[in-house]
Structures are given as C-alpha cells and as structure tokens.
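Take a look at the structure below.
The first residue in the sequence is number 1, and the count goes up from there. Read the numbers this way: they start at 1 and go in the same order the structure lists the ligands and their atoms.
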Amino acid sequence: MSNARNKFIAGNWKMNGTLSSLSEIEVIKSLFGETTYDIVILPPATLLAEASKIVAGSKIKIGAQNCHQNISGAHTGEISVLMLKDIGINIVLLGHSERRTESMENNQLINLKAETSHNCKLTTIICVGETELERKNGNTKKTIEYQLLNSLPKTFTEDNTIIAYEPVWAIGTGKTATAEEIHTAHAILRNQIKKLKGTAVASKLRILYGGSVNKENSSEIFQIQGVDGALVGGASLLSADFSSIIKSISR
Ligand code: PEP
C-alpha cells in the first residue's frame with residue numbers, strides 16, 4: 001500500500017453481495033483502476049477469490065472483513081490469513097463494532113488477530129469508536145484511547161495499519177458525526193499514537209472516518225483536518241454511489 005497519508009477509501013460490504021454483485025467491482029476497476037488513491041473493497045468471504053481475480057493488475061485492492069488469530073488448525077468456520085494470502089488478499093478489517101458486539105470480539109482478540117496479520121504481511125484496518133451512551137457520558141476520549149491502546153499489537157507500524165474512527169451510533173444509522181466531533185476524535189487518536197510511537201509515526205499514520213458516509217457528505221468529511229479517508233458501509237454497495245464518494249475527494 002502506498003502511504004505518505006495518501007487518501008484511503010474502503011468499502012465494507014458487510015454480509016451483502018452475491019456473485020452478481022461482482023459487476024460493481026468491475027465498474028470500480030474500470031473507473032479507478034489507475035487511481036493514485038488507495039481504494040479497497042471488502043466483500044463477503046464468498047466473493048473474495050473472484051473479486052481478487054477481477055482487480056488483479058489494477059490499483060484497486062480487495063480486503064477481508066475478518067480473519068482468525070491462528071494461522072491454521074481446528075477452528076471450524078474460520079478463515080486464516082494464510083488462506084487470504086493464498087487468494088491474493090493482503091488487507092483485513094479488524095475490530096469493526098459489529099464484530100465487537102455480535103461476535104463478542106474484545107480488544108485482546110483484535111490485538112492477536114492484528115499481530116498474526118502483521119506477521120504474515122497483511123495490512124490491517126483497525127476500528128475504534130464510542131457508543132452513544134459513552135459519548136453522552138463524556139467518555140468518548142477514554143473509550144477510543146483505551147480501544148486503540150489495547151487493540152494495537154507491538155507489530156503495528158504506520159505502513160501496516162490504518163485506523164478507522166467509527167462512532168458506533170453513526171454506523172448504518174444515517175447520523176453522521178459533526179466535523180468538530182470527527183476532528184477532535186482524530187486528534188485524540190493521533191495524539192495517542194504520538195505517545196506510543198513518537199511524532200514521526202503519528203504524522204504518517206492514516207486515520208479514516210466511518211459512520212454513514214455518503215455521496216452528499218463525503219466531500220465535507222474529506223476536507224476535515226486529520227481525516228485521511230473513509231470507511232464506507234451501505235454506500236459502498238453500489239458502484240454509482242461509491243464512485244461518487246471517491247470522486248468527491250478532489251471536489
Ligand atoms: C461500516 O460498515 O463501517 C460503516 C461505517 O457503515 P455505514 O457507512 O453504513 O454507516
């Protein structure tokens with residue numbers, strides 16, 4: 001992955017998409033195959049191998065939405081990083097709030113998964129974000145600092161990791177954080193990285209915003225200082241919407 005805070009846009013399809021949805025990836029490839037941005041599509045596991053073939057030779061990357069912390073063994077239903085690498089996948093999303101809640105993934109497990117991924121040379125997108133209650137109680141800073149500190153493994157570098165700030169209350173709800181809330185949260189996270197790894201790493205690390213990003217609000221979000229791109233859920237499913245979001249980087 002290129003860095004120097006190159007803009008990074010990821011589309012998380014979640015549990016959506018069948019073989020016919022691969023045509024959306026074909027369109028994104030035809031429009032942005034030579035892009036200078038980092039564009040990653042994260043389809044469900046069933047589509048990873050085919051999607052990976054479609055984007056081969058272009059600048060578009062395909063990522064997985066999860067991996068196991070072990071590289072092989074008796075873990076029924078799981079997918080290892082070696083299996084991902086086998087089909088050309090070098091990026092994995094970890095710590096998404098839906099996995100934290102629905103699959104009870106905690107920071108310690110996310111940390112293990114990230115370490116295994118880094119050891120096998122995968123790039124990780126690690127998500128953190130406060131719930132509505134945590135924000136209401138004034139605990140946003142404490143929550144995201146704690147998640148970051150505990151989810152990041154020792155193997156973390158500015159090149160192998162991208163952080164996604166995703167306030168839980170903004171995911172899939174149509175509620176977007178304000179520019180000030182996004183700016184403040186990103187500054188908290190960058191400062192935490194500075195304390196952990198120093199100024200040089202903190203200044204190079206990319207931090208994305210995620211939470212109801214769409215073609216109407218993306219341009220404003222991309223202009224917020226400290227925002228290096230977006231993790232997009234619902235609005236990444238259709239290439240028409242996702243391409244408008246990508247194009248809005250330069251608006
Ligand atoms: C996400 O899946 O990470 C996400 C932010 O979803 P949405 O854009 O639909 O809110």
Side-chain angles (χ1 to χ4, degrees), residues 7-17 21 24-25 28 37-48 51 61-67 91-105 107 110 113-114 117 123-132 134-135 140 143-144 147-148 151 161-179 181-183 185-186 189 206-222 224 226-249:
K7 284 280 188 271
F8 192 110
I9 307 101
N12 175 19
W13 284 15
K14 312 191 190 202
M15 197 173 73
N16 295 294
S21 321
E24 305 295 333
I25 297 177
I28 295 297
Y37 304 132
D38 287 318
I39 300 175
V40 180
I41 300 173
L42 306 147
T46 51
L47 300 181
L48 287 173
K61 302 272 186 275
I62 300 297
Q65 297 174 19
N66 183 34
C67 68
I91 303 169
V92 62
L93 180 69
L94 296 172
H96 191 282
S97 73
E98 286 151 16
R99 292 205 61 85
R100 287 179 185 265
T101 312
E102 292 181 14
S103 304
M104 276 141 320
E105 292 197 359
N107 294 313
I110 294 157
K113 290 183 177 202
S117 303
T123 298
T124 52
I125 305 172
I126 299 181
C127 307
V128 296
E130 80 288 358
T131 62
E132 194 154 32
E134 285 161 341
R135 175 164 284 276
T140 298
T143 303
I144 62 176
Q147 287 177 342
L148 190 69
S151 305
T161 300
I162 289 107
I163 305 296
Y165 167 61
E166 296 209 306
V168 178
W169 50 271
I171 299 176
T173 58
K175 290 187 208 166
T176 317
T178 64
E181 286 167 340
I182 296 172
H183 178 255
H186 280 231
L189 294 170
R206 284 176 290 180
I207 306 179
L208 317 179
Y209 170 74
S212 297
V213 175
N214 57 44
K215 59 184 181 205
E216 278 78 39
N217 61 23
S218 56
S219 171
E220 191 196 337
I221 290 168
F222 288 134
I224 301 169
V227 172
D228 301 305
L231 177 54
V232 185
S236 69
L237 292 173
L238 296 177
S239 52
D241 295 335
F242 196 45
S243 60
S244 294
I245 292 172
I246 298 167
K247 283 178 193 157
S248 76
I249 292 174

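Using a 4.0 Å heavy-atom cutoff, Ala170 is listed among the residues neighbouring ligand 1.
Residues Leu231 and Leu42 have side chains in contact (heavy-atom distance under 4.5 Å, counting atoms from C-beta outward). A heavy-atom distance below 4.5 Å is not found between the side chains of Pro44 and Met15. Residues Lys14 and Ile171 are in side-chain contact: their nearest non-hydrogen atoms beyond the backbone lie under 4.5 Å apart.
Contact annotation for Ala164 and ligand 1: no heavy atom of the residue comes within less than 4.0 Å of the ligand.
Judged purely by distance below 3.5 Å, without hydrogens or angles, the side chains of Glu24 and Ser21 never pair a donor atom with an acceptor atom.
In terms of N/O distances under 3.5 Å, ligand 1 is not approached by Glu98. For ligand 1, the polar-atom distance check against Gly233 finds a nitrogen or oxygen pair separated by under 3.5 Å. Considering backbone and side-chain atoms alike, Thr173 places every N or O at 3.5 Å or more from each N or O of ligand 1. Residue-to-ligand polar distances keep Leu231 apart from ligand 1: every N/O pair is separated by 3.5 Å or more. In terms of N/O distances under 3.5 Å, ligand 1 is not approached by Ala235.
Arg100 places no side-chain N or O within donor-acceptor distance of the main-chain N or O of Ile110, the cut-off being under 3.5 Å. Here the side chain of Asn66 pairs no donor or acceptor atom with the backbone of His96 at under 3.5 angstrom. Under a 3.5 Å cut-off, the side chain of Thr101 and the backbone N or O of Glu98 do not form any donor-acceptor pair.
In this structure, the protein non-hydrogen atom closest to atom 1 (C) of ligand 1 is His96 NE2, 3.2 Å. Summary of contacts: the protein heavy atom closest to atom 10 (O) of ligand 1 is Gly172 N, 2.6 Å. At the shortest separation from atom 9 (O) of ligand 1 among protein heavy atoms lies Gly234 N, 2.9 Å. In terms of protein heavy atoms, atom 2 (O) of ligand 1 is closest to Lys14 CE, 2.7 Å. Of the protein's non-hydrogen atoms, Glu166 OE2, 3.0 Å is the one closest to atom 5 (C) of ligand 1.
Close approach of ligand 1 to Ser212 (heavy-atom distance below 4.0 Å) involves ligand atoms 7 (P), 8 (O), 10 (O). Taking a cut-off of under 4.0 Å to the non-hydrogen atoms of Gly211, the atoms of ligand 1 that pass are 5 (C), 10 (O).
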**Request:** Check the pair Leu93, Cys127 against side chain to side chain contact (heavy atoms under 4.5 Å, CB included), reporting the backbone distance first and the verdict last.
**Result:** CA-CA 8 Å; Leu93 180 69; Cys127 307; 3.6 Å; yes
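The aromatic rings of His186 and Tyr165 stand perpendicular to each other, their planes meeting at an angle above 60°, with 30° marking the opposite boundary.
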